[in-house]
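Data first, discussion second: the structure below is written as structure tokens.
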Amino acid sequence: MIAIFAAMNSEVRACLSALTGANERSIGGFPVIESETALICQTGLGRQANDAANALLAEISPRVLLSVGTAGGLSLGLRVGDIVFCGTVGHPLELDLVTGDDGLISSALETASGVGLRALRGASVTVDDVVWTPEDKAKLRDRGAPDIVEMESYWIGKAAAERGLPFLALRAVA
């Protein structure tokens with residue numbers, strides 16, 4: 001089973017076409033839509049993703065964890081709609097990075113190319129507060145931040161790493 005984590009309802013809805021025969025339930029107070037092959041957990045924004053991942057992983061044993069959703073572009077070469085498959089995800093207050101599974105990234109890049117999506121391997125920084133303005137994004141870039149900024153992937157990746165599970169963060173630049 002694949003466990004997919006998305007923060008917002010709109011991000012969850014974007015994944016629903018991949019599920020057939022899905023049922024809704026709650027795990028640890030987080031809404032989950034589950035089929036035989038995958039489930040989607042709506043985490044809410046930010047550090048809530050840590051709680052959602054740990055609650056879900058206490059009840060199920062997926063083979064792969066995905067963190068999906070939108071992100072703000074930091075790299076000046078990115079365009080709205082670009083898909084970034086993250087090789088690394090960091091957090092400004094944490095000492096470690098979490099890494100995306102190389103096999104998952106390669107497969108995702110190949111699939112994206114095959115359907116004509118503009119996609120790349122990149123890196124993300126997970127932050128605790130929304131980064132809206134160009135000035136805030138420039139500050140992150142000036143501090144050496146990577147390609148994109150979002151609020152949940154570090155926490156999902158950390159939960160995956162603690163359990164030895166393959167992980168991939170994939171984000172669409174908004």
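All values derive from a computational prediction rather than experimental measurement. Throughout, residue positions are numbered sequentially from 1 according to the sequence presented.
Summarising the geometry of S153 relative to F167, their closest heavy-atom pair is O-CZ, 3.5 Å, with the distance given to 0.1 Å. What you find for G46 and W155 is that their closest heavy atoms are O-CD1, 4.0 Å. Across D82 and G77, no two heavy atoms sit closer than the pair OD2-O, 4.3 Å. Considering every non-hydrogen atom in both R79 and V173, the closest pair reads O-CB, 3.6 Å. Looking at every heavy atom in both residues, N54 comes nearest to A159 through OD1-CB, 4.3 Å. Pairing each heavy atom of G87 with each of I105, the nearest pair is CA-CD1, 3.7 Å.
Checking each of L170, V89, V149 against S124 for a side-chain contact (heavy atoms from CB on, under 4.5 Å) leaves exactly one that passes, namely V89. For the side-chain contact (heavy atoms from CB on, under 4.5 Å) with R121, the qualifying choice from D147, D102, T88 is D102, the only one to do so.
Side-chain contact check for L19 versus I40: some heavy-atom pair is nearer than 4.5 Å. Residues L57 and P62 meet the side-chain proximity criterion, which asks for heavy atoms closer than 4.5 Å. Between I83 and R118, the closest side-chain pair of non-hydrogen atoms is not below 4.5 Å. Inter-residue side-chain proximity for V32 and L56 is flagged as met; some heavy-atom pair is nearer than 4.5 Å. Side chains of E34 and R25 form a contact here, defined as non-hydrogen atoms less than 4.5 Å apart.
Between the side chain of E11 and the backbone N or O of A7 there is at least one donor-acceptor pair closer than 3.5 Å. Here the side chain of E150 pairs a donor or acceptor atom with the backbone of E152 at under 3.5 angstrom. S107 contributes no side-chain N or O that, together with a main-chain N or O of G103, makes up a donor-acceptor pair within less than 3.5 Å. Side chain of E135 to backbone of A138: no donor-acceptor contact under 3.5 angstrom is found. Formation of a donor-acceptor pair under 3.5 Å by the E94 side chain with backbone atoms of H91 is not found in this model. With hydrogens and angles disregarded, a donor-acceptor distance shorter than 3.5 Å links the side chain of R171 to the backbone of T70.
Here the CG-CD1 distance, from L120 to I148, works out to 8.5 Å after rounding to the nearest 0.5 Å. With rounding to the nearest 0.5 Å, the separation of CG in L109 from CG in L117 is 11.0 Å. Note that the OG atom of S67 and the CE atom of M151 stand 12.0 Å from one another [nearest 0.5 Å]. Rounded to the nearest 0.5 Å, atoms OG (S35) and CE (M1) are 6.5 Å apart. One distance of note links CD1 of I2 with CG of L39; it measures 9.5 Å at 0.5 Å rounding. Considering CG of L66 and SG of C41, their distance stands at 12.5 Å, rounded to 0.5 Å.
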Stepwise side chain to side chain contact (heavy atoms under 4.5 Å, CB included) test for V84 and S75: CA-CA 11 Å; V84 179; S75 174; over 6 Å; no
Kindly determine whether T43 and F5 satisfy side chain to side chain contact (heavy atoms under 4.5 Å, CB included), including the steps that lead there. CA-CA 6 Å; T43 66; F5 296 88; 3.8 Å; yes
Run the side chain to side chain contact (heavy atoms under 4.5 Å, CB included) check on M8 and V12 step by step: do they pass? CA-CA 6 Å; M8 299 182 291; V12 169; over 6 Å; no
Side chain to side chain contact (heavy atoms under 4.5 Å, CB included) assessment of L168 paired with L65: CA-CA 7 Å; L168 177 60; L65 270 63; over 6 Å; no
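One hydrophobic cluster, built from ILVMFWY side chains closer than 4.5 Å, cannot hold both V127 and L93; they sit in different ones. Under a hydrophobic-cluster definition in which Ile, Leu, Val, Met, Phe, Trp and Tyr are linked whenever side-chain heavy atoms come within less than 4.5 Å, directly or via other members, I156 and Y154 are assigned to the same cluster. By the criterion of side-chain heavy atoms lying less than 4.5 angstrom apart, applied directly or through intervening Ile, Leu, Val, Met, Phe, Trp or Tyr residues, I4 is not grouped with I60; the two fall into different hydrophobic clusters. Residues V131 and V125 fall within the same hydrophobic cluster, defined by Ile, Leu, Val, Met, Phe, Trp and Tyr side chains chained together at heavy-atom separations under 4.5 Å.
For CG of D129, the number of neighbouring non-hydrogen atoms (other residues, nucleotides, ligands) closer than 6.0 Å is 12 at most. Taking a 6.0 Å sphere around CD of E36, one finds it holds 12 or fewer heavy atoms contributed by other residues, nucleotides or ligands.
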